[in-house]
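Data block below; observations after.
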Amino acid sequence: QVQLVESGGGLVQAGGSLRLSCAASGRTFKVGWFRQAPGKEREFVCGMRWSDGGTLYADSVKGRFTISKDNAKNTVYLQMNSLKPEDTAVYYCAATKTSGPYDCWGQGTQVTVSS
């Protein structure tokens, strides 16, 4: 299994930006970001296919969030701009070595957006 270590969460005002990082211990087929707000189910935010950089975004973050990668560092980033209070959640990095469901998860990092 791949180990994932996230960093970069914090407190930011509405309209601000944050960048999350996820360092992977090995190569993966795809990497994604999920989030879980208090009292809500975990939801998909965005994902990227490692081989060609193909991406997929949830409608709620399109145009505001960008997923990118650094092949040399085996690290994936989530640039979050124009943050809203409803973006407040614990953000998880996830990965899989196959085309199937995500099966490796990071420990999560808290993002809090104040109004």
Side-chain angles (χ1 to χ4, degrees):
Q1 278 208 342
V2 176
Q3 291 187 329
L4 304 170
V5 178
E6 301 122 335
S7 60
L11 173 65
V12 65
Q13 287 189 331
S17 299
L18 278 176
R19 190 178 79 156
L20 306 183
S21 300
C22 173
S25 63
R27 299 302 296 271
T28 64
F29 178 80
K30 63 182 179 182
V31 180
W33 290 94
F34 289 73
R35 66 187 182 186
Q36 187 167 19
K40 294 189 176 181
E41 303 250 330
R42 185 164 56 190
E43 63 174 358
F44 173 80
V45 175
C46 59
M48 171 179 281
R49 194 168 43 242
W50 199 271
S51 59
D52 62 4
T55 58
L56 183 66
Y57 292 91
D59 288 343
S60 59
V61 306
K62 274 181 186 174
R64 301 189 298 122
F65 290 11
T66 303
I67 186 172
S68 62
K69 62 182 174 76
D70 183 327
N71 288 332
K73 296 182 179 179
N74 235 24
T75 297
V76 172
Y77 303 98
L78 179 63
Q79 178 66 43
M80 304 184 293
N81 298 329
S82 301
L83 283 161
K84 305 174 182 179
E86 51 263 43
D87 294 317
T88 294
V90 177
Y91 283 71
Y92 296 91
C93 179
T96 176
K97 292 186 175 182
T98 73
S99 59
Y102 291 95
D103 54 11
C104 299
W105 297 87
Q107 80 282 5
T109 185
Q110 177 72 45
V111 171
T112 302
V113 184
S114 63
S115 56

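It should be emphasised that the depicted structure is a prediction, and the values quoted were computed from it without experimental measurement.
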Taken to the nearest 0.5 Å, the spacing of Gln79 CD from Cys46 SG works out to 11.5 Å
Glu6 side chain vs Gly108 backbone, donor-acceptor pair below 3.5 Å: yes
If you compare all heavy atoms of Ala24 against all heavy atoms of Val2, which two are closest, and at what distance to 0.1 Å? CB-CG1, 3.9 Å
Does Val90 belong to the same Ile/Leu/Val/Met/Phe/Trp/Tyr cluster as Val61, with side-chain heavy atoms less than 4.5 Å apart forming each link? no
Pair Asp87 + Arg64: basic N to acidic O under 4.0 Å: yes
Value rounded to 0.5 Å, distance of CE in Met48 from OG in Ser68: 6.0 Å
Pick out which of Leu4, Thr28, Thr96 makes a side chain to side chain contact (heavy atoms under 4.5 Å, CB included) with Cys104. Leu4
Is there a side-chain contact between Leu20 and Phe65 in this structure, where contact means two heavy atoms from C-beta onward sitting under 4.5 Å apart? no
Under 3.5 Å, is there a donor-acceptor pair linking the side chains of Glu86 and Thr88? no
Are there more than 12 heavy atoms of other residues, nucleotides or ligands under 6.0 Å from atom CD of Gln3? no
Determine whether Ser99 and Phe29 make a side-chain contact, defined as any pair of heavy atoms from C-beta on separated by less than 4.5 Å. yes
Arg49 side, atom CZ; Lys30 side, atom NZ - distance, nearest 0.5 Å: 9.5 Å
Nearest non-hydrogen partners of Val31 and Ile67, listed with the distance: O-CD1, 3.9 Å
Output the distance between atom SG (Cys93) and atom CH2 (Trp33), rounded to the nearest 0.5 Å. 5.0 Å
For Phe34 versus Arg42, what's the shortest heavy-atom pair and its separation? CB-CG, 3.8 Å
Between the side chains of Tyr91 and Arg35, does any donor sit under 3.5 Å from an acceptor? yes
Would Lys69 pass as a cation-pi partner of Trp50, given that its NZ or CZ must be under 6.0 Å from the six-membered ring centre and within 45 degrees of the axis? yes
Are Leu56 and Tyr92 connected in a single hydrophobic cluster, I mean Ile/Leu/Val/Met/Phe/Trp/Tyr linked by side-chain heavy atoms less than 4.5 Å apart? yes
If I take atom CG from residue Leu78 and atom OG1 from residue Thr66, how far apart are they, to the nearest 0.5 angstrom? 8.0 Å
What are the two closest heavy atoms between Gly32 and Tyr102, and how far apart are they? N-CE2, 3.4 Å
Do Gln36 side-chain atoms and Ala89 backbone N/O form a donor-acceptor pair below 3.5 Å? no
What I want to check is whether the side chains of Asp70 and Thr75 have a donor and an acceptor closer together than 3.5 Å. no
Taking every non-hydrogen atom, the tightest pair across Ser17 and Asn81: OG-OD1, 2.9 Å
Taken to the nearest 0.5 Å, the spacing of Ser60 OG from Glu43 CD works out to 5.5 Å
